[in-house]
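Below is one structure, written out as structure tokens, with a few remarks after it.
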Amino acid sequence: MLSLLSCFLSLLSFLVHSCIRPWTQAKISLKDEKEIDEGTSYVAGEEETPKGLLREQMPRHVAVIMDGNRRWAERAGLLTSQGHEAGAERLIEFAELCFKLGIETVSAFAFSTENWGRHKIEVNCLMSLFQRYLKSKIHFFQSEEIRVSVIGNLEKIPESLLGTIKETEEATKRYKKKHLILAIDYSGRFDILHACKSIVKKSQQGLIREEDVDQTLFERELLTKCTEFPSPDLLIRTSGEQRISNFLLWQLAYTELFFSPVLWPDFDKDRVIEALVSYQSRERRFGCRI
Amino acid sequence: MDSNEPMLLLSSRIGQIGDLGLDLLWRFLHIVVSLFHIVSGIFEAIQSYAISLGLIQKYSSVDIEKLRCLAVVLDIEVARDVAKVVELLQWLKTIGVKQVGLFDSQGLLKKSKDMILEMVPGSTLLQETGEKDISPDRKEGIAIEFISSSDNKEAVVKAANILLKRHLKTSHPEKDEGNNVFTESHLNEALRVVGENVHVPDLMLVYGPVRSHLGFPAWRLRYTEIVHMGSLKYMRYGSLLKAIHKFTGVRQNYGV
């Protein structure tokens, strides 16, 4: 009850502030155009940094565990598939907002290895959703210059989806500034084991020696080698669950963890800003004494 | 033209009053939100003391059997306060927790482990034992494991090296992709060889200013509930009991 009230008050304060700021800025422009502060000028393609956030302290890599689609659908009286659709739409909005705020990499836990244990109909629906969304958003990714990578086991996913994944990755591979990583059939433990097997292969090919195997080399063999910043600065998990559920186990050592009670399809712009404000207010030490 | 000037003046005055009004409203809202947070903080403190005194029935009995292994992550600054760490362990023993993994990234607690074990009555150093191998003393006491960052990535790399060597010793390593050597159970076994515990904590309590597990062994964290407890200096027995009680009510789907 208290946390709900707290969320409501925070939201109210954001809403009021959102109303005040445009209103007062409109008044300023009517009064005297010369007084407009050049520092707040809007650059096309960038989101004006909301009050309370510092652009220079934005995380470089944000990861998200998109939990709560099924519960959201149940509460709204909708089908589970509609919940996942809403979740997919929310992911696109989330990624768009993050990129506009200057965040370079967004990772999303779309489907875990454990999710194969769900009902077959739901699993098929999810695979179909991924394919449909990726295919329909290729032009969007290209127009926004977003590079898309998919990480995971990928051995069990349908051929058609695999084809769409390759097509999307190929169509967007040249973009550097914005990177969306989708984890499909991903498991943190699988990632670590996969790195071990990759090292074995390279060792057999004579590319590395046993004594070369250290943390740095190991990290370069993980599935997140597709990005320059494999370790997220911030992990957001929605729907109130407080665990990382086998997502990026190795990479999350010093990641700030933000657990939100809000269900994923309801995780809108205000919630994102709340998470980022919380991130920027924390003192990160990476295990060292400052 | 002349008639416009009074109108402009009036409009300007109204605008200024409006700006002032909105500014006051904004500040008022700030005060309300700040007061709310202060009040909720006081409420939490009162609730915590009430729980400590056993006044809230709900928390008087905790199903501790669900909590087989607890991890406590301590920020480097917090880990220096050994007295507080000892107090925390004593509380955990009182609650009935049987197995605790104490983690700090630099290994400060590892260096003080003898002192800590001495100061917590009934505590033993956790050894890698089978489930049946529990002595009668252990049933009453608390087993403590001391962990640092070297038990995380370094340990996995060492374990990976063991598996790599094992793989290279097979009769046809060039034909085998390693699927029979690199499995979760093999890595668990290799981690044990390296001297690591592979017990998976059910719950992790993080003490310190940062909401991060600070490099706790990643391999063990798959389904661990993570709760940030705030400062160790101002820790409360009631808050600890509340966190453990809340954990016992959590239902995990494990992705299914």
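Each chain gets a letter, A, B and so on, in the order the sequences are listed, and its residues count up from 1.
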When only heavy atoms count and the cut-off is under 4.5 Å, which of residues 222-230 of chain B reach chain A?
Arg222(B), Tyr223(B), Thr224(B), Glu225(B), Ile226(B), Val227(B)

Straight-line distance of Arg211(B) CZ to Leu235(A) CG, nearest 0.5 Å:
13.5 Å

Atom SG in Cys196(A), atom CG in Asn161(B): separation rounded to 0.5 Å?
9.0 Å

Measuring only between side-chain heavy atoms, which start at C-beta, is Leu221(B) closer than 4.5 Å to Arg243(A)?
no

Which residue, Val156(B), Val157(B), Asn152(B), forms the side chain to side chain contact (heavy atoms under 4.5 Å, CB included) with Gln215(A)?
Val157(B)

Nearest 0.5 Å, please: how far is CZ in Phe258(A) from OG in Ser212(B)?
15.0 Å

What distance do Phe216(B) atom CZ and Leu249(A) atom CG have between them, rounded to the nearest 0.5 Å?
12.0 Å

With a 4.5 Å limit on heavy-atom distance, are the side chains of Ser203(A) and Leu164(B) in contact?
yes

Beyond-backbone contact of Gln242(A) with Lys246(B), side-chain heavy atoms, under 4.5 angstrom:
yes

So what's closer than 4.5 Å to chain B heavy atoms on Glu219(A): side chain, backbone, both or neither?
side chain

CD of Gln205(A): more than 12 outside heavy atoms within 6.0 angstrom?
yes

Chain B contacts: which residues in residues 185-192 of chain A have a non-hydrogen atom closer than 4.5 Å to it?
Arg189(A), Ile192(A)

Sorted by chain and residue number, the salt bridge (charged side-chain N to carboxylate O under 4.0 Å, His left out) partners of Asp67(A) (sequence neighbours excluded) come out as Arg71(A), Arg237(A)

Quick check: closest heavy atoms across His213(B) and Leu252(A), and the distance to 0.1 Å?
NE2-O, 3.2 Å

Should the heavy atoms of other residues, nucleotides or ligands under 6.0 Å from CD1 of Ile121(A) be counted, would the total exceed 12?
no

With Trp250(A) via ring pair (Phe, Tyr, Trp, His ring centres under 6.0 Å) - residues at least two apart:
Phe218(A)

Part of Phe111(A) within contact of chain B (heavy atom distance under 4.5 Å)
neither

